[in-house]
Amino acid sequence: MKITVDDDFDLDKIINSGQCFRPRKTEDGIYRFITGKHTVDIRDLTKEAGEKNVDRATELEVSCSQNEWDDVWHQYFDLDTNYRKIRKRIPSDDLFLKNCAKSGAGIRILRQDKFEMLISFIISQRKSIPAIRTSIERLVGLYGKDGFFPEPEAMLAATEDELASCGLGYRCSYVYNAARRVALGEFDLEEMNNLPDDELFDKLKSIAGVGDKVANCVALFAYHRCGRAPVDTWIARIINEHYDGVNPFNGYGPVAGIMQQYMFYSAIR
DNA sequence: TCCCAGGCGATCT
DNA sequence: AGATCGCATGGG
């Protein structure tokens with residue numbers, strides 16, 4: 001089925017923007033995304049035709065039905081938000097950000113699975129992105145069904161040796177305890193969707209292994225709190241080198257997280 | 001082999 | 001509050 005997206009939309013940038021770890025591009029140029037119990041294969045017909053242009057629409061060929069696209073993937077890719085408009089509203093005196101946004105045009109802030117983001121970003125601390133991917137895929141292999149990310153309940157049966165075999169190292173107890181607390185209902189990740197940003201942030205941080213950075217990543221990439229801007233080593237370096245050590249993200253208001261993604265992508269690519 | 005990775009918690013001052 | 005330090009593995 002064909003889908004037209006009349007806004008910034010670049011799947012290569014999305015899967016390489018560090019916000020997701022499982023989506024991949026196959027050798028045939030097909031992008032595979034998985035969220036919850038849904039999988040979709042996408043081809044970018046515009047890119048294949050060599051006609052990719054940030055100011056024009058993108059034609060996609062998707063493997064799912066129109067209903068599934070509308071119910072799942074439309075929201076997942078945040079297609080109700082106009083990124084082009086947001087990107088062009090960046091004031092020209094912030095030249096560094098403007099250049100980052102130019103190189104990152106096409107990135108979207110995905111609405112990803114809450115439990116998957118929580119576990120993934122707990123794992124992410126002090127790991128390279130390839131190493132994060134390896135650990136997550138091992139978790140999926142051990143506790144997931146049919147290639148989907150594990151249910152929290154499935155991880156209750158985990159042993160320390162099994163988790164260690166996923167390369168989690170000292171994060172084993174963090175991952176196990178987070179999964180246990182979600183499985184036992186101590187943390188209702190869906191209910192937390194109703195909390196204001198600050199309360200969501202504090203609640204996430206009450207999980208061992210979740211600090212400022214991980215809590216902001218979960219808030220941004222699972223709860224779509226686009227005013228949150230995670231500060232990691234890359235962003236900290238940018239703040240020091242380009243903003244005189246003063247965190248600029250408060251000034252970006254409700255789109256701070258989007259600006260953070262442009263900068264992060266620009267830094268790691 | 002060596003170095004460091006999308007940080008965090010504990011333990012200081 | 002702010003600074004420092006140890007931490008388990010895996011990529012490059």
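Heavy-atom basis, side chains included; hydrogens, waters and symmetry copies ignored. Just so it is clear, the structure is predicted and the values come from calculations on it, not from any experiment.
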Here the salt bridge (charged side-chain N to carboxylate O under 4.0 Å, His left out) pairs for residues 74-93 of chain A, sequence neighbours left out, are A:Asp6-A:Arg84, A:Asp8-A:Arg84, A:Asp8-A:Arg87, A:Asp55-A:Lys88, A:Asp78-A:Arg111
Whole angstrom is fine here: how far is it from CD1 in A:Ile136 over to P in B:dG6? 13 Å
Kindly say if A:Thr233 contacts the phosphate of B:dG7, meaning a side-chain N or O under 4.0 Å from OP1 or OP2. yes
Whole-Å distance between B:dG7 C1' and A:Ile129 CD1? 14 Å
So, A:Tyr143 versus A:Phe149, ring centres under 6.0 angstrom or not? no
Considering only the P atoms, how many Å lie between B:dG6 and C:dA3, rounded to the nearest integer? 24 Å
If the P atom of C:dG10 is compared with that of B:dT1, how far apart are they to the nearest Å? 15 Å
With the threshold set at 4.0 Å, does a side-chain nitrogen-carboxylate oxygen contact exist between A:Glu51 and A:Arg56? no
May I have the step-by-step check of side-chain hydrogen bond (donor to acceptor under 3.5 Å, both in side chains) for A:Asp94 and A:Tyr243, ending in yes or no? CA-CA 10 Å; A:Asp94 198 341; A:Tyr243 293 93; 2.7 Å; yes
In whole angstrom, what separates A:Arg133's CZ from B:dG6's P? 11 Å
A:Glu61 and its side-chain contact (heavy atoms from CB on, under 4.5 Å) partner, picked from A:Ile30, A:Leu45, A:Asp44, A:Ile3: A:Leu45
Measure from the ring centre of A:Phe121 to the centre of the six-membered ring in the base of B:dG6, then say whether that distance is under 5.5 Å and the planes meet at under 30°. no
For atom CD1 of A:Ile132 and atom P of B:dC4, their distance in whole Å: 18 Å
Does the protein touch nucleotides 5-12 of chain C at the base, only the backbone, or not at all? Give it as B, S and - per nucleotide, heavy atoms under 4.0 Å. --BB-SSS
Hey, is the main chain of A:Glu190 close enough, under 3.5 Å, to the side chain of A:Asp188 for a donor-acceptor pair? yes
How long is the gap from CG on A:Asp232 to CZ on A:Phe264, to the nearest 0.5 Å? 5.0 Å
Just the atom pairs and distances: protein N or O near nucleotides 9-13 of chain B's N or O, under 3.5 Å.
unit_1	atom_1	unit_2	atom_2	d
B:dG9	OP1	A:Gly209	N	2.9

So does A:Glu48 pair up with A:Arg43, basic N to acidic O under 4.0 Å? yes
A:Phe264 CZ - B:dA5 P separation (whole Å): 12 Å
Measure from the side-chain N and O atoms of A:Lys203 to the backbone N and O of A:Met192, and report whether any donor-acceptor pair falls under 3.5 Å. no
Pick base, sugar-phosphate or nothing for A:Ser17, based on heavy-atom distances below 4.0 Å to the nucleic acid. base
Figure out the CD1/C1' separation between A:Ile122 and B:dG6, and round it to whole Å. 14 Å
